[in-house]
2 protein chains.
Amino acid sequence: MSKDSLLPLLAQHVLAHGLGQASLRPLAKAAGTSDRMLLYHFGTKEALIAELLGYLARTYAATLDAALAGERPVTRGQVVARILKHARHPATQPFTALWWEIVAGAARGVDSYRAAAQAMMDELLGWLEGQMPAGDPDPKGGARYLLTLIEGTLMLAAIGHEGTARDGLLASGLAAS
Amino acid sequence: MSKDSLLPLLAQHVLAHGLGQASLRPLAKAAGTSDRMLLYHFGTKEALIAELLGYLARTYAATLDAALAGERPVTRGQVVARILKHARHPATQPFTALWWEIVAGAARGVDSYRAAAQAMMDELLGWLEGQMPAGDPDPKGGARYLLTLIEGTLMLAAIGHEGTARDGLLASGLAAS
DNA sequence: AGAGATCTGTAGCGATTGCTACATTGGCTT
DNA sequence: AAGCCAATGTAGCAATCGCTACAGATCTCT
């Protein structure tokens with residue numbers, strides 16, 4: 001059992017139970033090994049979390065590529081709608097919950113959290129830029145504008161303000177339902 | 001030493017060190033008392049955190065009212081600029097870091113976190129509605145739109161993507177520098 | 001003044017934390 | 001066959017966790 005085969009199992013555990021409550025023994029149990037072996041492989045819990053965050057970022061990138069393929073949208077609203085549909089998909093929900101934990105860690109200045117958060121946002125931003133409508137007057141700025149709106153929407157939804165988020169999007173003129 | 005006099009000291013400690021790492025003995029030390037007494041007053045750590053979150057929400061509301069008073073802006077961009085200036089103020093930074101922890105808890109479904117997050121967003125939304133420019137065509141929807149944009153901007157800034165956030169705002173047409 | 005309620009310190013419990021020392025296994029090389 | 005080295009289990013350490021039992025202290029009301 002190597003690092004690489006451990007990481008998916010560890011990721012599954014933190015997706016289900018959160019990063020904050022993740023301690024070595026439960027993690028080991030979920031991965032079918034012992035705390036002793038986790039430290040043997042990763043050296044330190046901190047290093048384990050850092051590698052795990054990296055793995056999650058790579059997984060997120062792969063998920064984005066796979067789930068969001070398709071022909072290029074015609075309007076900005078369609079771009080937003082596609083992302084939101086993906087983010088709200090039940091299978092994505094555990095990841096969304098974890099995302100805010102990563103943001104919290106990044107906001108506190110923890111390097112590995114910040115790196116993972118940036119990597120994921122870079123990935124999403126790249127996808128957005130590539131999906132901007134063909135005749136868009138400002139694809140680069142527009143992608144950043146949409147990213148900002150999307151993340152604000154997801155945050156409001158995360159705390160139970162989905163109504164506010166919906167009305168905000170409606171008033172944006174993007175007319176995503 | 002009563003609950004009410006304890007809460008500000010406890011709040012100061014979690015603002016400095018985060019909610020996740022807050023355990024009874026350090027909290028008690030910061031408040032000049034003992035873990036024994038914290039449990040005497042609040043019954044349970046969970047109840048303590050819940051009351052603390054309520055206190056933080058009330059404090060946030062008071063801070064907003066105090067810091068953001070002034071004549072009504074003329075453009076939506078000025079509304080956004082005023083909020084962002086407040087959020088970026090050094091004195092607000094510890095609260096901003098804590099905010100994402102609250103969001104993470106709310107996203108995981110913890111009731112007290114969700115209640116506090118909603119209360120704070122209600123407060124901010126109310127302030128925004130009251131500050132929308134006089135002739136605004138859609139003050140209610142516009143306030144929600146601005147709230148979404150603002151929170152997205154703050155999130156990107158929290159993870160070190162301030163450049164992306166700035167470009168997104170520029171492309172929004174609100175022209176907040 | 002005496003009785004009861006309120007407040008607070010001391011000590012400790014059982015569980016969990018990250019991590020380590022030591023011993024053992026097993027396969028590979030020579 | 002001998003020896004070496006990576007892999008793994010067992011046991012335990014000191015620290016911390018939330019919480020509780022017990023004993024004084026202090027205060028209030030009659």
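Here is the naming used below: chain letters follow the sequence lines, and residue numbers restart at 1 for every chain.
Rounded to an integer number of Å, the gap from A:Leu38 CG to D:dG9 C1' is 14 Å. We find that OH of B:Tyr40 is positioned 13 Å from C1' of D:dA25, with the value rounded to whole Å. Protein atom NZ of B:Lys3 is 15 Å distant from nucleotide atom C1' of C:dT6, rounded to whole Å.
Listed in residue order, the members of residues 11-18 of chain A having a heavy atom less than 4.0 Å from DNA chain C come to none.
No side-chain heavy atom of A:Val80 sits less than 4.5 Å from a side-chain heavy atom of A:Leu149. Two residues are said to be in side-chain contact when any heavy atoms from C-beta on lie closer than 4.5 Å; A:Leu9 and A:Leu27 fail this criterion.
Under the ring pair (Phe, Tyr, Trp, His ring centres under 6.0 Å) criterion, B:His13 pairs with B:His17, not counting sequence neighbours.
Separating the CD1 atom in B:Ile83 from the CD atom in B:Glu151 is a distance of 9.0 Å, to the nearest 0.5 Å.
Distance alone, capped at 3.5 Å, places no donor-acceptor pair between the B:Gln118 side chain and the A:His161 backbone. B:Glu101 contributes a side-chain N or O that, together with a main-chain N or O of B:Gly20, makes up a donor-acceptor pair within less than 3.5 Å.
Across all their heavy atoms, B:Val79 and B:Pro73 have their closest contact at CG2-CG, 3.7 Å. Residues B:Thr75 and B:Pro133 share a closest heavy-atom pair of C-CG, 3.4 Å.
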How would nucleotides 9-21 of chain C be written as a contact map, 5' to 3', with B for base contact, S for sugar-phosphate-only contact and - for no contact, using protein heavy atoms under 4.0 Å? BB-B----BBBBB
